[in-house]
2 protein chains.
Amino acid sequence: MLNPNAPTSDTAPQDALLRPASERRDPIPMKIDAFKVACSSCNLRELCLPVGLSQPQLTQLDTLVGARKSVKRGDALFHTGDSFKSVYAVRTGFFKTRISSEDGRDQVTGFQMAGELLGLDGISTDRHACDAIALEDSQVCVIPYSQLEELSREFSDLQHQFHKIMSREIVRDHGVMLLLGSMRAEERLAAFLLNLTQRLHARGFSASALVLRMTREEIGSYLGLKLETVSRTFSKFQDEGLLEVKQRDIRITDEPGLKALVNSVRC
Amino acid sequence: MLNPNAPTSDTAPQDALLRPASERRDPIPMKIDAFKVACSSCNLRELCLPVGLSQPQLTQLDTLVGARKSVKRGDALFHTGDSFKSVYAVRTGFFKTRISSEDGRDQVTGFQMAGELLGLDGISTDRHACDAIALEDSQVCVIPYSQLEELSREFSDLQHQFHKIMSREIVRDHGVMLLLGSMRAEERLAAFLLNLTQRLHARGFSASALVLRMTREEIGSYLGLKLETVSRTFSKFQDEGLLEVKQRDIRITDEPGLKALVNSVRC
DNA sequence: CGCTAGTTTGACCTACATCAACCTACGTGG
DNA sequence: CCACGTAGGTTGATGTAGGTCAAACTAGCG
């Protein structure tokens with residue numbers, strides 16, 4: 001199979017959306033304005049902000065999500081210090097967020113895929129607190145924040161869903177702290193791969209094969225490891241029969257083995 | 001000075017609130033119900049949920065904050081898995097939050113002092129996702145979450161302040177990731193101490209002297225270090241003239257030196 | 001076809017962990 | 001009031017996971 005991130009047959013609700021933008025063909029828009037986004041007809045609505053909303057609420061939400069924005073691979077959706085106006089929902093593509101310390105070290109704080117929100121850090125100071133960089137040509141839905149607040153005052157379902165998303169980010173961050181604070185390299189990488197595949201699976205992709213959109217260095221930055229350690233750990237996993245690794249193409253050949261790594265203390 | 005956490009003379013808005021509960025004497029409550037809390041008259045209102053609210057809004061908020069709850073040193077305010085009903089504002093005392101992995105390792109994810117909110121992690125799944133443990137006898141204000149959502153649909157200021165608090169937690173967590181992912185032991189401890197004193201200072205305490213409410217092990221867990229390393233690093237800082245350390249009593253004698261440590265790359 | 005960015009692998013080094021002994025302070029009961 | 005127990009803290013000796021430095025390999029891409 002050419003694309004190992006191809007959707008599995010059982011769950012493939014939005015395959016088209018997860019291919020590179022160049023391959024994608026939009027469904028006929030429900031509105032006349034072809035550049036207008038419609039959450040109500042979006043294949044990601046079960047993963048994104050609209051989760052749990054009724055049809056009339058969705059129609060309202062459509063009025064809020066103003067436009068799509070394309071971001072080329074390597075370009076930033078926003079930078080640290082940019083004034084905060086909107087949050088963004090990833091529609092297609094893949095992002096990383098990173099923060100930098102004064103002395104130039106930086107830390108990747110997350111990888112975002114279709115249906116996930118970017119920019120929540122900006123609410124606290126009205127300025128973005130990280131850089132969001134596209135790891136492949138991507139498209140996001142622009143959600144003007146003041147309008148989101150407004151609409152979520154009207155619809156408690158939307159309000160609650162938004163709070164859930166923020167809370168989920170906090171819980172995720174605490175999980176990463178546990179990983180960074182107490183796991184060894186193998187456990188970190190195993191946890192990372194299982195997290196990625198689990199999220200891809202929720203989007204209709206294979207749970208056992210994936211194409212990494214990020215470099216070893218970016219993985220290392222996220223996991224608090226050097227790129228050489230990431231590379232060596234991949235090789236080790238391959239030697240042990242847990243994975244097949246061909247550069248960025250990964251196939252998980254022993255998922256229970258990987259899971260055991262994450263849950264076990266040492267050895 | 002007996003209590004090195006004593007408020008400085010210039011900014012001492014709520015000294016009484018930050019002493020152990022046993023020493024504290026409440027102001028005469030504005031409501032007849034002595035157990036009722038009044039945000040409108042709380043000395044922490046400039047640090048807590050009410051930031052930026054008008055007087056009438058504060059009065060509304062008073063109806064929401066139902067009760068105080070006392071938590072003895074060592075006891076849990078809530079545990080992982082407890083059903084989520086409320087968030088809590090620390091009124092007096094000091095807490096830690098921690099998460100545990102299946103294999104028993106745990107990670108301290110934060111330390112909370114007066115005016116800070118606990119329990120935001122619970123929104124995502126309707127169950128608390130961490131344990132909150134009092135590090136000294138403490139008191140919290142109970143804020144029923146459904147009512148908070150309701151009221152924040154009425155008052156956009158409250159809504160925005162609540163969002164800011166959640167966003168700030170996300171930004172803080174990302175900072176901790178940077179610390180855990182790329183700083184060395186000395187930098188971590190220096191950053192930790194500076195963060196603590198900065199927060200204590202915002203509450204009217206000295207910026208240079210503090211009493212740690214947590215053990216070396218808890219500091220280590222938060223910073224991704226072993227307790228011996230924390231202890232050694234304290235000793236090293238003392239030898240270098242950055243700190244005076246007497247068990248949990250810390251006096252910062254060279255703040256610029258500490259700050260330089262955090263901002264410099266190596267050495 | 002040659003450049004460049006990314007990756008792999010090896011040899012060596014170091015910051016921190018581990019293990020262990022001892023010290024300190026405080027609370028409890030005699 | 002003292003003595004003893006215990007939880008927490010310090011310090012030393014040694015081990016090791018992962019960092020650092022370096023060289024070679026691979027795959028796109030102009």
Side-chain angles (χ1 to χ4, degrees), chain A residues 2 20 22 72-74 96 105 107-108 133 135-137 179-190 192 211-240 243-250 261 264-267, chain B residues 2 20 22 72-74 96 105 107-108 133 135-137 179-190 192 211-240 243-250 261 264-267:
Chain A
L2 266 177
S22 53
K72 283 237 168 317
R73 176 193 155 113
K96 69 171 175 184
R105 274 178 297 187
Q107 171 77 22
V108 171
I133 313 287
L135 296 181
E136 58 182 21
D137 291 356
L179 180 145
L180 291 171
S182 70
M183 291 186 175
R184 291 170 317 110
E186 291 176 38
E187 299 172 302
R188 293 184 198 195
L189 189 63
F192 170 71
V211 178
L212 299 174
R213 304 302 185 188
M214 68 295 279
T215 67
R216 301 290 190 255
E217 185 168 22
E218 287 161 338
I219 297 172
S221 173
Y222 183 59
L223 298 179
L225 301 169
K226 292 293 152 177
L227 69 95
E228 294 95 328
T229 305
V230 174
S231 179
R232 270 184 247 273
T233 309
F234 269 126
S235 300
K236 181 143 190 267
F237 284 175
Q238 182 157 244
D239 293 348
E240 290 169 346
L243 301 178
E244 275 170 31
V245 183
K246 275 206 209 93
Q247 306 277 123
R248 297 194 180 184
D249 292 3
I250 309 287
L261 252 178
S264 73
V265 209
R266 43 212 47 249
C267 340
Chain B
L2 265 177
S22 52
K72 283 237 167 316
R73 178 194 154 112
K96 70 171 175 183
R105 276 177 294 188
Q107 172 77 21
V108 170
I133 313 286
L135 296 182
E136 57 183 22
D137 291 357
L179 179 146
L180 291 171
S182 71
M183 290 186 176
R184 290 169 320 108
E186 292 176 37
E187 299 172 302
R188 293 184 197 194
L189 189 62
F192 170 70
V211 178
L212 299 173
R213 303 304 185 186
M214 67 295 278
T215 66
R216 302 291 191 254
E217 186 167 23
E218 286 161 339
I219 297 172
S221 172
Y222 183 60
L223 298 179
L225 302 169
K226 293 293 151 177
L227 69 93
E228 294 95 328
T229 305
V230 174
S231 179
R232 272 184 246 273
T233 309
F234 270 126
S235 301
K236 181 144 189 265
F237 283 176
Q238 182 157 244
D239 293 348
E240 289 168 347
L243 301 178
E244 276 170 32
V245 183
K246 274 206 209 94
Q247 307 278 122
R248 295 192 181 185
D249 292 2
I250 309 288
L261 251 179
S264 73
V265 209
R266 45 212 44 250
C267 15

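A note on names: the letters A, B, ... follow the listed sequences, proteins ahead of strands, and every chain is numbered from 1.
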Which of dT11(D), dG18(D), dT8(C) is nearest the side chain of A185(A)? It is dG18(D)
The helix from dC1(C)-dG30(D) to dG30(C)-dC1(D): angle between end helix axes, five pairs per end, rounded to 10 degrees:
30°
Rounding to a whole Å, what distance do you find between R232(B):CZ and dT14(D):C1'?
11 Å
Can you tell me if R213(A) uses its side chain to pair, donor with acceptor, with the backbone of L135(A) under 3.5 Å?
no
Using a 3.5 Å distance criterion without hydrogens, assess whether the side chain of E244(A) forms a donor-acceptor pair with backbone atoms of I250(A).
no
Can you tell me how far C1' of dG8(D) sits from NZ of K246(B), to the nearest Å?
18 Å
Could you give the CG-to-C1' distance, from L225(B) to dT18(C), as a whole number of Å?
14 Å
Select from F234(B) and M183(A) the residue whose nearest nucleotide in DNA chain D is closer to the 5' end of that strand.
F234(B)
Can you tell which of dT7(C), dG9(D), dT10(D) lies closest to the side chain of V245(B)?
dT10(D)
I'd like to know if the side chain of R216(B) reaches the main chain of K226(B), judged simply by a donor and an acceptor atom lying under 3.5 Å from each other, with no hydrogens or angles considered.
no
Considering all heavy atoms of both residues, which atom of M214(A) and which atom of I219(A) are nearest to each other, and what is their separation?
CG-CG1, 3.4 Å
What's the closest nucleotide to the side chain of T229(B) if the choices are dT8(C), dG18(D), dC16(C)?
dC16(C)
Rounded to whole Å, please give me the gap between CG in L180(A) and P in dG18(D).
13 Å
Rounded to the nearest Å, what distance is computed from the CG atom of residue D249(A) to the C1' atom of nucleotide dA27(D)?
12 Å
Can a donor-acceptor pair under 3.5 Å be found between the side-chain atoms of E228(B) and the base atoms of dC16(C)?
no
Determine: side-chain N/O of S231(B) to OP1/OP2 of dT11(D), distance under 4.0 Å, yes or no.
no
Measure CD1/I219(A) against P/dG6(C) and give the value in whole Å, please.
13 Å
Between P of dC26(C) and CZ of R248(B), the distance in whole Å
10 Å
Between T233(A) (side chain) and T229(A) (backbone), is there a donor-acceptor pair under 3.5 Å?
yes
With the side chain of K226(A) defined as its heavy atoms from C-beta on, choose the nearest nucleotide among dT20(D), dT8(C), dG6(C).
dT20(D)
